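All of these numbers come straight from a predicted model, not from anything done at the bench. We count residues from 1, following the sequence as given.
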Amino acid sequence: MSASLSNPAQTLPDQVSDTLSTNETDEIVFPSSDLPSDEPPLESSLHLQQILLLMSCLNWLWKDRQDYFCAGNLTIYYSPRQLKSELFRGPDFFVVRGTTNQPRKSWVVWEEEGKYPNLIIELLSDSTAKTDRELKKEIYQDTFRTPDYFWFDPHSLEFQGFHLLDGVYHPLEANAQGWLWSQQLGLYLGIHEERLRFFSPEETLIPTPEEAAEAERQTNAKLRAKLQELGVDPDSL
């Protein structure tokens, strides 16, 4: 997604927001803590569904953990001078490890012990694809130093991933299923039924909470049927 300023009347192009001069920012008021996110609308319902799917699956898998934060379409403020309108980005999906799992209005690097995302996924669209492949990739590599970077197009299903090695992003090689390994999550990412999904190291699909509940229901139904075949009343157990 493209970045946006907190005041719509002051919207600047992506390229400008990362290179504001000293004179242009001298009069900007020092931001208060807990800065609000201010990202533009998503390009399509597919983009929204994909973000919610990634968040839902990871939160279900890590439901017993409190040492991470994941979000979608949320502004990351990272100005060294702590100016909210100087340097900011809004990844479609990102994960930060080694932090607290609590609600945030945005991710403010200087208020989060200098932490940047460990993983970022951008969802390509006609308006953002060039920026995602070039400018953002450069920022995530050189400034964020984000170890794992992926992009996925919900319409064309273009999917690519990179891992940071010696300060440079190197393309990831797919396994036999076409999935890419995320060292930071300890999971595969791959396309399943035209959606980007997580897979375990054992190559099993990480379910949504609804899928997990349905699988449990089916397992219980099979168990009841088996007990009844053996002449055992399941309700008596």
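- Pairing each heavy atom of Leu74 with each of Lys105, the nearest pair is CD1-O, 3.3 Å.
- The other residues sharing a hydrophobic cluster with Phe199 are Trp179, Trp181, Tyr188, Leu205, where clustering joins ILVMFWY side chains under 4.5 Å apart.
- In this structure, Ser200 contributes its side chain and Glu202 its backbone to a donor-acceptor pair below 3.5 Å.
- Without hydrogens or angle criteria, His163 side chain to Ser182 main chain gives no donor-acceptor distance under 3.5 Å.
- With Thr146 contributing its side chain and Pro117 its backbone, the two residues share a donor-acceptor pair below 3.5 Å.
- Residues Arg65 and Leu58 have side chains not in contact (no heavy-atom distance under 4.5 Å, counting atoms from C-beta outward).
- No side-chain heavy atom of Gln183 sits under 4.5 Å from any side-chain heavy atom of Leu172.
- Rounding to the nearest 0.5 Å places CZ of Phe159 at 5.0 Å from CG of Leu196.
- Seen from the ring of Phe162, Lys137 counts as a face-on cation partner, given the 6.0 Å and 45° thresholds.
- Not a single donor-acceptor pair under 3.5 Å links the side chain of Arg97 to the backbone N or O of Val95.
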May I have the step-by-step check of side chain to side chain contact (heavy atoms under 4.5 Å, CB included) for Glu122 and Thr128, ending in yes or no? CA-CA 9 Å; Glu122 291 288 4; Thr128 68; over 6 Å; no
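- Distance check: Ser127 OG to Asp132 CG gives 8.5 Å after rounding to the nearest 0.5 Å.
- Within 6.0 Å of CD on Gln102 lie more than 12 heavy atoms contributed by other residues, nucleotides or ligands.
- The side-chain heavy atoms of Leu157 and Phe152, taken from C-beta on, include a pair separated by under 4.5 Å.
- In this structure, OG on Ser125 lies 12.0 Å from CG on Leu46, to the nearest 0.5 angstrom.
- Taking the six-membered ring for Trp and thresholds of 30 and 60 degrees, Phe144 and Tyr78 have ring planes more than 60 degrees apart, a perpendicular arrangement.
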Report the C-alpha distance between Thr143 and Leu87 in whole Å, list the side-chain angles of each, state the deciding distance to 0.1 Å, and finish with yes or no for side chain to side chain contact (heavy atoms under 4.5 Å, CB included). CA-CA 11 Å; Thr143 303; Leu87 295 170; over 6 Å; no
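- Looking at Thr99 and Arg104, their side chains do bring a donor and an acceptor atom within 3.5 Å of each other.
- Between the OG1 atom of Thr75 and the CZ atom of Arg89 there is a distance of 10.5 Å, given to the nearest 0.5 Å.
- Judged by distance alone, the side chain of Arg145 and the main-chain N or O of Gln141 form a donor-acceptor pair under 3.5 Å.
- Proximity of the aromatic rings of Trp107 and Tyr116 is defined here by a centroid distance below 6.0 angstrom, and this criterion is not met.
- Side-chain contact between Leu124 and Arg133: present, with at least one pair of heavy atoms (C-beta onward) separated by less than 4.5 Å.
- In this structure, Gln160 and Pro171 approach most closely via the heavy-atom pair NE2-CB, 4.5 Å.
- In this structure, Leu54 and Asp92 have side chains that are not in contact, with every pair of non-hydrogen atoms separated by 4.5 Å or more.
- With Asp148 contributing its side chain and Gln184 its backbone, the two residues share a donor-acceptor pair below 3.5 Å.
- Within the 4.5 Å cutoff, the side chain of Phe198 has no heavy atoms near those of the Leu61 side chain.
- Pairing each heavy atom of Gly161 with each of Phe150, the nearest pair is CA-CD2, 3.5 Å.
- Contact between Gly98 and Lys115 at its shortest, heavy atoms only, is O-CE, 3.0 Å.
- The nearest pair of heavy atoms linking Pro91 to Tyr140 is CG-OH, 3.7 Å.
- Phe93 has its side chain within reach of Leu119: a pair of non-hydrogen atoms, C-beta onward, lies under 4.5 Å apart.
- Residues Tyr68 and Asn59 have side chains in contact (heavy-atom distance under 4.5 Å, counting atoms from C-beta outward).
- Taking all atoms of both residues into account, the shortest heavy-atom contact from Cys70 to Met55 is O-CE, 4.1 Å.
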